[in-house]
Every structure is written in structure tokens, then in C-alpha cells.
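Report on one structure; see the data block that follows.
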There are 2 protein chains.
Amino acid sequence: MKHLTSLRYIEAVARSGSIRQAAETLAITSTALNRRILAMEEDLGVPIFERLPRGVRLSAAGEILIHHIRTQISDMERVKSQIADLSGERRGHIAIACSQALLPHFLPEQIAVYRGAHSAVTFEVLLRDRDAAERALVDMTADLALVFEPVRMAEFEVLLTVRQPVHVVMTRHHPLAGHRTLRLRDCLAHPVALPTEAYGVRHLLEAAVRRTSLNLRPVVESDSFEFLRFQALSEDILTFQIPIGLPEPGQWPHMVSLPLDERDVPPGILYFGQLKGRTLPVAAARFAQQLQERFTERFDCV
Amino acid sequence: MKHLTSLRYIEAVARSGSIRQAAETLAITSTALNRRILAMEEDLGVPIFERLPRGVRLSAAGEILIHHIRTQISDMERVKSQIADLSGERRGHIAIACSQALLPHFLPEQIAVYRGAHSAVTFEVLLRDRDAAERALVDMTADLALVFEPVRMAEFEVLLTVRQPVHVVMTRHHPLAGHRTLRLRDCLAHPVALPTEAYGVRHLLEAAVRRTSLNLRPVVESDSFEFLRFQALSEDILTFQIPIGLPEPGQWPHMVSLPLDERDVPPGILYFGQLKGRTLPVAAARFAQQLQERFTERFDCV
DNA sequence: CGTGATGGTGCAATTTTTGCAGCGGTGGGA
DNA sequence: TCCCACCGCTGCAAAAATTGCACCATCACG
């Protein structure tokens with residue numbers, strides 16, 4: 001899209017904070033880039049960037065402009081995909097920002113299903129915490145986001161919320177494996193492996209024990225849910241995860257997962273959303289629709 | 001705005017239906033224009049226009065694109081006005097499509113008030129019937145619209161509706177001038193001057209008499225409300241108008257206006273609105289706000 | 001008190017855009 | 001039926017714009 005060149009250049013500068021660096025990544029000279037910026041500032045009658053000794057920073061006007069530019073670029077993508085849609089095949093690119101729990105099973109499966117029907121659509125899955133995910137929506141690095149619990153809802157438009165009770169994961173031979181649901185105090189009587197503080201599950205557990213006389217004393221901590229499962233398997237201890245991150249029961253012969261009693265630990269809430277007010281490209285909109293259907297089929301949604 | 005040139009060119013072609021004609025109005029050669037179109041079609045991979053023997057017409061893809069182009073252009077205007085707003089003075093241009101009744105008093109007064117505060121803002125007032133007004137919103141010839149009664153609400157976002165009871169206009173010496181409200185049958189016992197079928201007031205009256213045994217027998221018809229008032233004055237007959245089109249009582253020594261009884265003729269409804277989903281430029285948004293305030297102060301609004 | 005990074009500028013090379021002249025095609029009116 | 005006016009499109013040369021190179025001034029940092 002020829003007419004967006006200047007806008008893309010400016011976006012790159014805003015992103016990197018330096019004309020020369022941006023020029024590097026854009027594979028042009030800083031001269032050309034600098035001149036495009038000056039030309040745009042001339043057009044607007046106002047500087048877009050503040051010149052600092054170590055680079056540039058968006059001015060107030062630049063902030064307004066950059067938001068407009070990002071919308072323009074993404075809108076043009078949407079229009080192109082809508083037009084491509086007219087001639088049959090759906091094309092496009094979908095970027096999703098999500099937390100780790102979605103990566104191992106749910107998303108790959110859903111993407112496979114979607115790509116089965118529309119193989120010209122490409123995907124980009126970005127691991128982001130809640131804050132980074134929302135920023136990705138704002139700068140349109142991502143079309144959709146799937147994050148846990150507290151989002152600064154300012155720019156986040158919730159498409160669906162999914163209740164995810166915390167599950168206890170263990171081998172089939174663990175003493176607790178026979179129960180239907182588990183109380184927190186019973187679990188903490190056994191050695192446990194926990195995710196690090198950065199994760200929502202850990203937060204929920206911390207909040208829960210704070211209301212009791214219990215103590216979380218993990219024998220292993222990790223920021224990888226996969227590692228925690230292997231640890232639980234090999235050492236026959238407990239770990240905690242949410243259902244969406246777990247394999248389907250059939251694909252998981254040696255282990256079981258049981259829900260924690262909700263009186264002890266409230267369920268985590270998974271938020272599925274997009275940038276407020278944005279019209280998604282066709283492909284992303286349809287994929288979002290597919291996700292919503294699968295969510296409501298398989299989980300407890302609101 | 002340099003980077004919008006191609007888009008503006010294409011918009012002009014879509015509007016005029018001919019490359020050569022559009023080139024004429026754009027003061028460039030048809031060659032240059034043609035080549036820009038071909039380049040854009042190359043970019044999109046799809047023709048924007050169908051080539052007909054007597055010109056061009058938008059293809060399906062072109063329809064999608066042209067909508068995008070119009071929003072892009074108007075968005076850029078909005079951004080520019082937002083940026084100008086940062087540095088104090090409000091600039092911008094406001095285009096309003098409205099029916100005749102607004103032209104003589106209400107709009108000039110409101111525009112004068114607004115321009116008193118923001119003299120760098122320019123206005124454009126377009127006389128349009130309900131259908132043309134909505135089309136003007138869609139192709140962004142107009143930012144705001146003020147129209148009567150039935151709108152194909154598809155793309156019309158109502159900001160406010162104003163009840164406008166039909167008034168009877170006459171000289172101070174007319175036999176009916178003493179009443180507080182008037183019944184339709186009393187009015188029709190006297191000679192009347194009416195607007196033509198094209199106007200909402202006439203519609204309301206026609207609909208009213210259809211439910212009775214009365215007959216509308218205008219001695220004068222006109223499509224000019226101003227003419228009708230002068231006619232009523234010089235010949236001492238009745239005419240019908242809505243309050244927003246009438247001068248303030250003080251500025252109007254020889255005539256009076258009395259509401260028709262609403263049991264006979266339902267009030268007309270004035271719709272104030274914009275294009276659905278569009279974010280207006282600052283200037284237009286603030287002017288819309290001013291209008292809403294005046295409307296609610298002076299008339300019966302919903 | 002250098003040193004290395006930053007943004008900005010003059011000038012020439014290069015690329016892109018434009019205008020002119022002309023082609024082939026189509027449809028309405030004499 | 002035959003023009004003729006109008007349409008979109010193209011080759012080529014002129015004009016305009018963008019770009020790259022070399023270089024400058026500035027400022028933070030060691």
C-alpha cells in the first residue's frame with residue numbers, strides 16, 4: 001500500500017524512538033526518513049516529535065497522530081482482507097496476545113481448525129502478560145487478547161469471559177486422586193509445585209491462604225506450566241493449573257486434574273477481548289467468533 | 001495531506017463516474033489520474049472500477065474501498081483539527097445538511113454564536129431533503145444533519161429528536177388570532193396558503209385531513225416558507241409552519257403563530273444526527289453539543 | 001575532554017510522477 | 001448507416017519528487 005509508506009515510517013520511528021534506528025530496520029537511509037517526518041510536520045504545521053539528545057519522542061500532537069496512523073494501517077489491512085473475501089478465499093493475518101496457559105493446547109488446536117478451513121490466513125501468537133497484552137491491542141500489534149483477571153479496562157473491549165476454576169494436577173496414584181473436588185487444606189498437606197508470582201493462579205492461591213492459617217510452601221517453583229506438570233509426574237507431587245492449559249483427558253494417561261473447591265479458591269477469570277471500538281479484519285473477526293463458540297461449548301462462560 | 005492524494009483522486013473519480021471529468025475538476029491530466037487508479041488496483045490486486053463505454057463505475061471491491069477512503073479522509077481532517085485544538089485556537093470546517101425550516105433563523109443564529117467564540121471555524125450549510133441529507137452523511141459531504149420525520153435510519157445516528165407541533169401563522173388582526181390553540185376545522189374554514197407536497201408540514205396536514213371529512217384547499221402553494229409568510233401577511237390568510245422556522249416573537253410585530261391542537265395534527269419530529277459510528281471533528285462535535293443545548297432549552301426534546 | 005550517538009542540510013543521482021500526442025473502442029444522433 | 005464525441009489506456013520525454021552521500025552541530029557519557 002503505497003500511500004501508507006510515510007505513515008508506516010513514522011510509526012516505526014515512534015516505536016523505536018530514534019530516526020536512525022528506525023531507518024535501519026526499514027532498510028532506508030536516515031535522510032529519507034528524516035525528510036518524510038519533516039514533510040509531515042510541515043503538512044500538519046506542528047512537530048510530531050520532540051527532538052531529544054538521544055533520539056526523538058512523540059509530542060502531544062504526535063500522540064494523536066500515531067493513534068490515527070495505527071488505525072489507518074490496520075483499517076487498510078481490514079479493507080484488503082474484505083476485498084480478498086469477495087473473490088472467495090479468505091486471506092489475512094491474525095495476531096493474538098495471550099498468557100502462557102493458552103499456548104500448549106487450546107490455541108494450537110483452534111488455529112489448526114481455522115487454518116483447515118482458510119489456509120491462506122496466517123497467525124502470530126504473542127506471549128504477553130495482562131499489561132503487555134493490552135498495550136499490544138492499543139498499538140495494534142495484536143488483534144485479539146486472552147488474558148487473566150485484572151485488566152486496566154480502559155481500551156479493552158471484552159468479547160467473552162470464561163470461568164476457570166483452579167485445578168489440582170497429580171498422578172493417578174496420588175492419595176488425593178480419588179476425590180471429586182479438593183479442599184485447599186487437604187492439598188497443602190502434601191508437597192506442592194507452584195507457578196511463580198507472575199501468574200494468576202499463584203495470585204489466587206496466595207489470596208486464598210491469606211484468609212486462612214495455611215501456608216504455601218512450594219517445594220518447586222517455575223514460570224513454566226509444562227515443567228510443573230512434568231515435575232508433578234516425576235516426583236508424584238501436586239501442582240495447580242487452570243483447565244484451559246491442560247491436555248484433553250484422553251491424551252493424558254498418567255495424570256488427573258481435579259477442581260479445587262470454590263469456597264477455598266475463587267475461579268480465575270479469563271478475559272477474551274479486542275481493542276475498544278475497533279472493527280477487526282474479517283479473518284480475525286471470524287476467528288474470534290470461532291473461539292467464542294468453542295469457549296461456550298467447553299467452558300463456563302458469561 | 002500529501003499521502004491522501006491518491007485516495008482523494010479516486011474519491012473524485014467515484015463521485016463523477018468518469019476519469020476524464022474527475023481529472024478536469026482536480027486540475028490534472030486524465031493520464032496522471034488513470035495511472036494512479038491503475039497503481040491502486042495493482043496494489044489491491046483487484047479492479048476498483050468497472051470500465052463502461054461512457055465512463056467507470058465502482059466495482060464491489062471499489063464500494064468497500066471508497067467507504068474506507070471517505071472515512072480516512074474525514075478522520076484525517078478530524079485529527080488535524082484535534083491537533084490544532086492543542087495549540088489553543090479551534091479550527092475546522094463544519095458541513096450541515098438540513099431542511100429549509102432551519103435556514104432562516106435558527107441556524108444562522110447558532111452559527112453566529114459559535115463563530116463568535118471560534119472564528120477560525122468555517123461553515124457550510126446544505127439544503128437537503130431527508131434522503132439527500134442522509135446520503136450527504138454517508139459520503140461525508142456533511143458532518144451533521146437536521147431532517148424531518150422519516151429517515152431510512154440505516155446509517156443515521158440520532159443525537160436528538162425535537163418535537164415541532166405545526167403552528168398556524170397569521171396577522172394579528174385575523175379572526176383566529178385571539179385563541180390559544182386552534183382546531184384544524186376552524187383553520188380550514190378560512191383561506192390557507194400551504195407548502196408543496198415535498199414538505200413534512202404538508203404531509204402532516206394531508207394525513208390529518210384524511211382522517212376527517214375536511215378538505216385542504218390551498219389558495220396559494222409554494223416551496224418557500226418565507227414566501228408563504230409574506231403571502232399570509234399581505235392577504236391576511238393562514239399558513240402553516242413549524243416553530244423552528246419562525247422568527248422570535250419580538251422580531252415579528254405584525255404576525256402571530258398559534259399551535260394547532262395535537263389531537264388534530266400530530267407534531268412533526270425533527271431529527272438531529274450524524275453518520276452512525278463516526279467520530280466527528282472537534283469543531284463539529286462541539287457545535288453539535290451547542291445545538292443540543294439550545295434545542296433542549298427552547299424546544300420539547302426527547 | 002574526547003567519543004559516539006543523535007537529528008539536520010546541501011547537492012547530485014535516481015526514481016517516480018506528470019503531460020502530450022495518439023490508439024482503439026463504443027454509443028448516440030444526423 | 002456513418003460520423004463524431006467521448007471514453008479509458010499507452011509510449012515517451014519532461015518535470016518533479018525522493019533518495020543517498022558527505023558532512024555539520026549538538027549533547028550525554030565515560
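Quick note: numbers below take in every heavy atom, side chains included, and nothing from hydrogens, waters or symmetry partners. Here is the naming used below: chain letters follow the sequence lines, and residue numbers restart at 1 for every chain. Not measured: the values here are computed from a predicted model.
The phosphate of C/dG8 (OP1 or OP2) has a side-chain N or O of A/Asn34 nearer than 4.0 angstrom. Contact between the side-chain N/O atoms of B/Arg51 and the OP1/OP2 oxygens of C/dT26 is not found at any separation under 4.0 Å.
Atom-to-atom, CD of A/Glu24 to C1' of C/dT6 comes out at 14 Å; the value is rounded to the nearest Å. The distance between atom CG of B/Leu26 and atom P of C/dT18, rounded to the nearest whole Å, is 11 Å. Rounded to whole angstrom, the span from the CD1 atom of B/Ile37 across to the C1' atom of C/dT17 amounts to 15 Å. Rounding to whole angstrom units, CG of residue B/Leu52 and C1' of C/dG28 are separated by 16 Å.
Residue contacts shown for B/Arg35 include a base, since a base heavy atom lies under 4.0 Å away. Residue contacts for B/Leu38: at a heavy-atom cut-off of 4.0 Å it reaches the sugar-phosphate backbone alone, with no base atom in range.
Annotation for A/Glu226: atom CD does not count as buried by contact number, only 12 or fewer foreign heavy atoms lying within 6.0 Å. For A/Arg286, the CZ atom is loosely surrounded, since the number of other residues' heavy atoms within 6.0 Å does not exceed 12. No more than 12 heavy-atom neighbours from other residues, nucleotides or ligands sit within 6.0 angstrom of CD on B/Glu24.
Taking a heavy-atom distance under 4.0 Å as the criterion, the stretch of DNA chain D touched by chain B extends 5' to 3' from D/dC7 to D/dT18.
Remark: the A/Thr122 side chain and the A/His93 side chain contain an N/O donor-acceptor pair separated by less than 3.5 Å.
Across residues 53-68 of chain A, A/Pro53, A/Arg54, A/Gly55, A/Val56 each have a non-hydrogen atom less than 4.0 Å from an atom of DNA chain C (numbered order). Taking every heavy atom of residues 16-23 of chain A and every atom of DNA chain C, pairs under 4.0 Å involve A/Ser18, A/Ile19, A/Arg20, A/Gln21, by number.
Distance CG/B/Leu33 to CZ/B/Arg20: 11.0 Å, rounded to 0.5 Å.
The shortest side-chain heavy-atom distance between B/Arg78 and B/Leu280 does not fall under the 4.5 Å cut-off.
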Step by step, work out the side chain to side chain contact (heavy atoms under 4.5 Å, CB included) result for B/Arg135 and B/Asp131.
-> CA-CA 6 Å; B/Arg135 268 182 282 122; B/Asp131 196 51; 3.1 Å; yes

Stepwise, does the salt bridge (charged side-chain N to carboxylate O under 4.0 Å, His left out) test hold for A/Arg202 with A/Glu221?
-> CA-CA 10 Å; A/Arg202 178 67 176 265; A/Glu221 280 189 76; 2.9 Å; yes

Using the side chain to side chain contact (heavy atoms under 4.5 Å, CB included) rule, take A/Ile73 and A/Met140 through it: C-alpha gap first, then chi angles, then the decisive distance, then the call.
-> CA-CA 9 Å; A/Ile73 291 174; A/Met140 307 211 182; over 6 Å; no

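In summary, the aromatic rings of B/Phe148 and B/Tyr199 are positioned with their centroids too far apart to meet the 6.0 Å limit. Between B/Phe287 and B/Phe123, the gap from one ring centroid to the other is short of 6.0 Å.
For the pair B/Arg36 and A/Val13, both in contact range of DNA chain C, the more 5′-proximal nearest nucleotide belongs to A/Val13.
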